[in-house]
Amino acid sequence: MYVISTRDAKNMIPATMAVLKGIAGDGGLYVPEYFPKLDMAEVIETANSSYSELSALILSTFFEMGRDDLNALTKAAYASFDAPETVPVKRLSGSEYVLELFHGPTLAFKDMALQVLPRLISEALEIHEQGNGVLILTATSGDTGKAALEGFKDVPRTAILVFYPASGVSPMQKLQMVTQEGSNTGVCAVEGNFDDAQTGVKQLFANAGFVAEAGRKNYELSSANSINIGRLAPQVAYYAYAYAKLVNDDVIDEGDSVNFCVPTGNFGNILAAYYACRMGVPVNKLICASNRNNILTDFFHSGNYDTNREFHKTMSPSMDILISSNLERLLFEICGRDSEAVKRLMDALAGKGAYSLPEDARRELSGLFYAGF
Ligand SMILES: *Cc1c(COP(=O)(O)O)cnc(C)c1O
């Protein structure tokens, strides 16, 4: 499959190449050229075999790779998870269920994608016969850093450097990161909050001198943040799995719709739910859950995105984010895939720290999304 940039639909490359690049050269994010349609009967049956096989099925709709290769890749990626089902679906009460995404090596749900991404990058380097290695630069609000370091640790032809806000992560998260093992890993504290760290990393990607210097040292730059399509695609799988599991356990009938409620920071996790929905998983509402940094709640209610507000440090630092990068991918869809419109909104965000959605895009939002904090 090919992917296109949210800021220039003519900027089109193979999905495996986008895994190596991370962000598009025009500053946009890579999105699928179209949403592949899942055969839900096949999804439901495959989910009965194993999570890793279902994950391979989903990944095969995005990446030009064989099913056998992908099956081996996902099997290895999820081998270290400490639950036999990988992602158990447990009943909470009534018709509420919890999808347990914390059974990976670092306990963060980010392991779901970050155990897969380094392996996708290795494959992509082979496919595109890239002589250079890949240097991963990643900003973290806490959990991404550790999960990415653990995923890339000692993976051949990769190196990773993680930037975290000096006073924005929990003591445990900091300890997890600064004690990281591996010959190709590094961590760096940044003065400021997560948005400062993320903005700094984005500026590095756009700095021609820095990129050239990395090239002279035989490294291409890429990102392990959820702006990388190689991180987003593996996340689609667990929504399809959760749905299939409820069907297989006779909780719902095939075709019934479900709501997914997702704690949200950079809008990656819930965007994967949106992709699952567009690919054919029956969804009634996607519920975007924020903490006191409720910029997304306001956005979904008003259509206005405004970062000119106080930043609160909370007990859930991974959700303490005012600039949710992946929202750009949703904007692209609700603006009718109009990359010029997206560019205007993103320019307003960079200039005034705010933008307002056009009226028809607003209507698109309220149909599928619900938001609270
Ligand atoms: C990363 C993270 C989030 C936010 O997920 P996004 O994909 O950035 O929206 C929320 N909670 C926890 C515990 C996390 O690690």
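All values below come from the heavy atoms of this structure, side chains included, with hydrogens, waters and symmetry mates left out. Read the numbers this way: they start at 1 and go in the same order the structure lists the ligands and their atoms.
A cation-pi arrangement, defined by a distance under 6.0 Å to the six-membered ring centre and an angle within 45 degrees of its axis, is present between Arg337 and Phe35.
Aromatic ring orientation, Tyr305 versus Tyr355: parallel (interplanar angle below 30°, classes split at 30° and 60°). Aromatic ring pairs are classed by plane angle as parallel below 30°, tilted from 30° to 60° and perpendicular above 60°; the pair Tyr370 and His301 is perpendicular.
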Atom pairs, nitrogen or oxygen, ligand 1 to protein, under 3.5 angstrom:
| residue | atom | partner | partner atom | Å |
| --- | --- | --- | --- | --- |
| ligand 1 | 7 (O) | Gly268 | N | 3.3 |
| ligand 1 | 7 (O) | Asn269 | N | 2.8 |
| ligand 1 | 8 (O) | Asn266 | N | 2.8 |
| ligand 1 | 9 (O) | Gly265 | N | 2.7 |
| ligand 1 | 9 (O) | Asn266 | N | 3.2 |
| ligand 1 | 9 (O) | Phe267 | N | 3.0 |
| ligand 1 | 15 (O) | Lys110 | NZ | 2.4 |
| ligand 1 | 15 (O) | Asp143 | OD2 | 2.5 |

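Within a 6.0 Å radius of NZ in Lys37, more than 12 heavy atoms belonging to other residues, nucleotides or ligands are found. Other residues, nucleotides and ligands contribute more than 12 heavy atoms inside 6.0 Å of the NZ atom of Lys285.
Arg329 and Asn326 are linked by a side-chain donor-acceptor pair at a separation below 3.5 angstrom, with hydrogens and angles left out of the test.
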